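Step one of this worksheet: look at the structure below.
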Amino acid sequence: MQFVMRISNHFLRMNGKRLQKQNKKQILLQYRLTFLSDTEVNWCPALGTVLANDEIVNGVSERGGHPVVRKKMTQWSMRISAYAQRLLDGLSTIDWPQPLKDSQTNWIGKSVGAMVTFEVLSPALSEGKGEKSDSKRTPGYMTGGNNSYLLLEKAKEMRANPTPAEAILWKYLKGKKLKSKFRQQHLINDFIVDFVCLSKKLIIEVDGKIHDYQLEKDEARTLELEQKSGFKVIRFKNEEVIGDIDAVLSKIDSELSNQAFLLSKLEEKKVDNNHKQANVTVSLSSGKGLRDRISVFTTRPDTIFGVSFMTLAPEHELVAKITTDAQKAAVDAYINATAKRSERDRMADVKTISGAFTGAYAIHPFTGIKIPIWIGDYVLANYGTGAVMAVPCGDQRDYDFAKHFDIEIPNIFENVDISEAAHTDKEGTVIANSDFLSGLSYKKALKLAIFELEKMGAGYGKINYRLRDAVFSRQRYWGEPFPVYYKDGMPQMIDAKHLPIVLPEVEKYLPTEDGKPPLGNATEWAWDSRANKVVSNDKLKNKTVYPLELNTMPGWAGSSWYFNRYMDSNNEGEFAGKEALDYWKDVDLYIGGSEHATGHLLYARFWQKFLFDKGIVPVDEFAKKLINQGMILGTSAFVNLLRVLVKDSVGNETKETLLITDDWRMILSSAKLMSDQNYNKALLEFDKVMKLEVQKHFALDKNGARFIDLIKYNIDEITRIHADVSFVNASNELNVEAFKNWRNEYNSLIPVEEGGKIKVSREVEKMSKSKYNVVNPDQICEEYGADSLRLFEMFLGPLEQAKPWKTSGISGVSSFLKKLWKLYFNGENFEVSDAAPTKDELKTLHKTIKKVEEDIENFSFNTSVSTFMIAVNELTVLKCNKRAILEPLAILVSPYAPHIAEELWSLLGHKESIAKADFPIFEETHLVESSKTYPVSFNGKMRFTMDLSLDLSKEEIEKAVMAHEKTIAQLAGREPKKVIIVPGKIINIVG
RNA sequence: GCUCGAGUGGCGGAAUUGGUAGACGCGCUGGAUUCAAAAUCCAGUUCUUUCGGGAGUGUGGGUUCGAUUCCCACCUCGAGUACCA
């Protein structure tokens, strides 16, 4: 967890010395693998903890089904996003199921595209508020904006590859030749300017051809640099520099002296203003300006000329700032309306198109055209930048939005009709009406667009990942404690040599009254940084004692590395010894459920890569092969309950609950499907039956007050609840008494059904205590034995397949085991012969060895079981009791039915366990045949078979087949067109 | 919507470098044994049939001497994911 990523070193080099130690740490913390951050988290009030995305199912907690809300909290997080690409790449190196790999790929969600910056042209509404001076002080020459680190490389590259004109001018500017220091290809905010004299605030741009078509854009850029940052921008054409350098230099010289004069004037003014106003509105040194920018991520920069509007998420931070007074009411109303809708509602309702115009405009980076800025909830605040450049002709959502609000839909595709829908295909698409991109294919246009955006500093190629950093704090007691204490509010790591620290004793495992995690209840939870141990909270007064972290780690902390611990589980000194790790390396076969695809299995891969980077483990993937075993599902039983109001003869009204057979639910729902008439008829019948049954019930159960009428019920309020499957028989009939006694509140249920039988409905679901569908294998073990159960589970079907638990076939494997046993016995007596086995017996044995070997390789255990059945059936027919056959057979069976195999092994006279016996060796010679039963097909349909020697040539086979009486009958006199003979396989006659 | 997977008897399922579809088991039917039952054993069991055959692996096409297997389109079910720009 001390891991510091590369970016932080870079960061430190840049800013390190100027930052105070405290700030430095705080910032550094932002770049660690594990870091504290204020994140919006899934808070579950009922559990008092934060949940990870994969712990929430359908908006409620996976555990317990409690509601979950969004909430801002300071949490430890892990920067899994830094490993996104490597987690993606690693997938091709491991033998995991394709669906699982696919779901990890989707979860990581890589999209390749570009970041494009649009400037906002709106009147700045923040005017007059003033700019707060930036607390972050950077070197004077570092005039780059927030994205500098991204542009820096670009600037370097441009410096290394100047245009001829640039090279010439630089020769005369460098080394203070004009008495002022110039820099070339320098970052100012998010622009790279050709040359700049920082002291005189003068920018020199040398324009090549590219600027001809972007005059407007250049104007915008000039405007920004001049107004916002107080620079003067002068421009020269390439030809001017190359043709008349002296004129250019003299112009620069005069501009320099001009600037010097202006700057001194401004300085005076500034000193003046400082008396009245803390901050000036137009500050020369301010990092932030009057203009705002909207960055968007797009996978289709090639369609940039098709942009006709922009859409921001309603939550986008710029919305309030750029909205014009005229549009404010509409925008506010829209934001209020969307805020009321939950995230789920918003996602569920894709069809309704809604949005509002902010009144502001952005400038297109290439054309300089004004682009209206809208807000709309189809743009998600937490993906990308929360803003999109809308290309209605190429994106269906943008298209729908544009149609709905009557926004222009320019077509930038060649020979494509967009009157009905957007054109979203990429392949084969040719770009049109797009200036320098026109006529290019999608791929070429994409590359060129990025290239040009980068050149002018309005964008850059970017890969975006959907994968979010993982929250690593839990407000629970049971979890590994963090080795962290807080000194002056800053987290400090406890050195590894003082670990482990152990969970403290607490009175109760619940959150504290003031909402702190359960560890807040501990009295012995402070860190003595001198003695390096956990001490009582009383000592917090001492200068060297600090409070410890109260959060604990989530379940995936342990599950992300335990397999490495298994390699050296008794190691007291470290998590696993190097020798053991190098020996075992990784997990050969990991069997686990696919439900862990985007949780545990992704986190564990992430940790393994990190541990690998640190040199702790020798491989960067933890499991070579992974199989998703299918889950054995339960068959849940449901009963139907209906609340009714009942009135008795005295006039008392009581609320009762009816227990309704599932037949009624079926009748009503099918009647509803047919017609209203049918439904009404069914309802009447239902009503009649219920009244009768309720009447009967009260007549029997309650003396005194007699039932008069059923007053009120709502047929739509029949609730279906799980009943314990043990109350239900094979015909789906409920044991009503057992169900009523199950819980107190069911004691007074009134069963409604003529004949007193209540049927349940059944559904296959995951086995779960809360669904009361768990079956216990103990009973089967008792009746058939553990080997039968084990064998039966394997025999059910392929390992990867999920299936409901049904015991109907168990007698098959049970009788197989009995037959197996009988091979070794003569009546009551164990009797095995030492005689030499026959050819047929050897054939059966070796066929079995071969198949079982293959099946084990393929994890196809169900077919192994059937192979054993075949072998035992054959040996029974052969009356085989030869040791030479039965000994290897017992070994083959032993992994599948270990108890019976062990017993037989011991009867065969062995003292050591069968588990230690060598696996039988397959010998091909026993399977070699001299003849083959050929299938004879006519036009590919098998009609009969005939035995032929394998020594025969094709010609001889054909001769034999054609002479066969059935062949003659089939052909009925016709001449065959062709005869296909594959020796040892098939004969096919075409004709 | 997108991505992936799967569709074979009454049921679980078998067979894929293209080569006898339905292995093995359950269930069912008939028989033997038994006073009877359990257990065990034997025979049959894809559908259809005029008993010669004919049809058949979700549907429709294609490639091939030959397709459950390969290709295209569609349908249904399941899983994952979802206004991802």
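Naming convention: chains lettered A, B, ... in sequence-line order (proteins, then strands); numbering from 1 in each chain. On a predicted model such as this, the values are computed, not experimentally measured, just so you know.
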Query - Between OG1 on residue Thr358(A) and CH2 on residue Trp374(A), distance to nearest 0.5 Å - result: 9.0 Å
**Report entry** Tyr399(A) OH to Ile353(A) CD1 distance, which is reported to the nearest 0.5 Å
**Finding:** 11.0 Å
G-U wobble or Watson-Crick pairing nucleotide for [N] (cut-off 3.5 Å, both distances):
{"N": "G9(B)", "answer": "none"}
{"N": "A15(B)", "answer": "none"}
{"N": "U69(B)", "answer": "none"}
{"N": "A32(B)", "answer": "U40(B)"}
{"N": "U57(B)", "answer": "none"}
{"N": "U45(B)", "answer": "G27(B)"}
{"N": "G78(B)", "answer": "C4(B)"}

Is atom [atom1] of [X] surrounded by more than 12 heavy atoms (other residues, nucleotides or ligands) closer than 6.0 Å?
{"X": "Lys443(A)", "atom1": "NZ", "answer": "no"}
{"X": "Glu965(A)", "atom1": "CD", "answer": "no"}
{"X": "Gln779(A)", "atom1": "CD", "answer": "no"}

Query raised in the report: Mind telling me whether G61(B) is syn or anti, cutoff 90° either side of 0?
Result: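 It is anti.
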Query - Chi-based syn or anti call at G9(B), which uses purine or pyrimidine torsion atoms and a 90° bound - result: syn
Query raised in the report: Charged N to carboxylate O below 4.0 Å: is that the case for Lys843(A) and Glu929(A)?
Result: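 Here Lys843(A) pairs with Glu929(A) in a salt bridge, since their nearest N and O are under 4.0 Å apart.
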In whole angstroms, how far is the [atom2] atom of [N] from the [atom1] atom of [X]?
{"X": "Ile986(A)", "N": "A21(B)", "atom1": "CD1", "atom2": "P", "result": "8 Å"}
{"X": "Asn858(A)", "N": "A14(B)", "atom1": "CG", "atom2": "P", "result": "12 Å"}
{"X": "Arg300(A)", "N": "A85(B)", "atom1": "CZ", "atom2": "P", "result": "11 Å"}

Query raised in the report: Quick one: is A85(B) close enough that its OP1 or OP2 comes under 4.0 Å of any side-chain N or O from Ser111(A)?
Result: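 Affirmative; the distance criterion is met.
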**Report entry** Contact under 4.0 Å: Gln98(A) side-chain N or O vs G5(B) OP1/OP2
**Finding:** no
Query - pair Phe366(A)-Leu453(A): side-chain heavy atoms closer than 4.5 Å - result: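 When only atoms from C-beta onward are counted, Leu453(A) and Phe366(A) do touch, with a gap below 4.5 Å.
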Query raised in the report: Looking only at atom C1', what distance separates U8(B) and G22(B), rounded to whole Å?
Result: 8 Å
Query - Separation between the P atoms of G12(B) and G5(B), rounded to whole Å - result: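 To the nearest whole Å, 22 Å.
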Query raised in the report: So what does Gln396(A) touch, heavy atoms closer than 4.0 Å: a base, only the sugar-phosphate, or nothing?
Result: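 It contacts nothing in the nucleic acid.
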Query raised in the report: Contact class for Pro97(A) vs. all strands (heavy atom < 4.0 Å): base, sugar-phosphate, or nothing?
Result: nothing
Atom pairs, protein N/O to nucleotides 23-27 of chain B N/O, distance under 3.5 Å:
residue, atom, partner, partner atom, Å
G25(B), OP1, Asn873(A), ND2, 3.2
C26(B), O2', Ser808(A), O, 3.3

Requested in this report: Start with the C-alpha gap between Asn464(A) and Ser111(A), add the side-chain angles, then the distance that decides, and say whether side chain to side chain donor-acceptor pair (under 3.5 Å) holds.
Outcome: CA-CA 5 Å; Asn464(A) 214 34; Ser111(A) 7; 5.3 Å; no
**Report entry** Where protein sits on nucleotides 53-66 of chain B, one letter per nucleotide: B base, S sugar-phosphate only, - none, heavy atoms under 4.0 Å
**Finding:** -SS---------BS
Requested in this report: Sequence neighbours left out, what passes ring-ring contact (aromatic ring centres under 6.0 Å, His included) with Phe825(A)? Give chain and number order.
Outcome: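 Checked Phe825(A) against ring-ring contact (aromatic ring centres under 6.0 Å, His included); matches are Trp821(A), Phe830(A).
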Query - Nearest-neighbour nucleotide for the Asp102(A) side chain, C83(B), C4(B), U81(B) considered - result: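 The listed nucleotide nearest to Asp102(A)'s side chain is C4(B).
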Requested in this report: Name the closest nucleotide to the Trp107(A) side chain, picking from C83(B), U81(B), U20(B).
Outcome: U81(B)
Query raised in the report: Mapping Thr298(A) and Lys803(A) onto RNA chain B by nearest heavy atom, which one lands closer to the 5' end?
Result: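 Of the two residues, Lys803(A) wins.
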Requested in this report: Would you please test Phe309(A) and Phe401(A) for ring-ring contact (aromatic ring centres under 6.0 Å, His included) and show each step?
Outcome: CA-CA 10 Å; Phe309(A) 62 101; Phe401(A) 195 87; 5.4 Å; yes
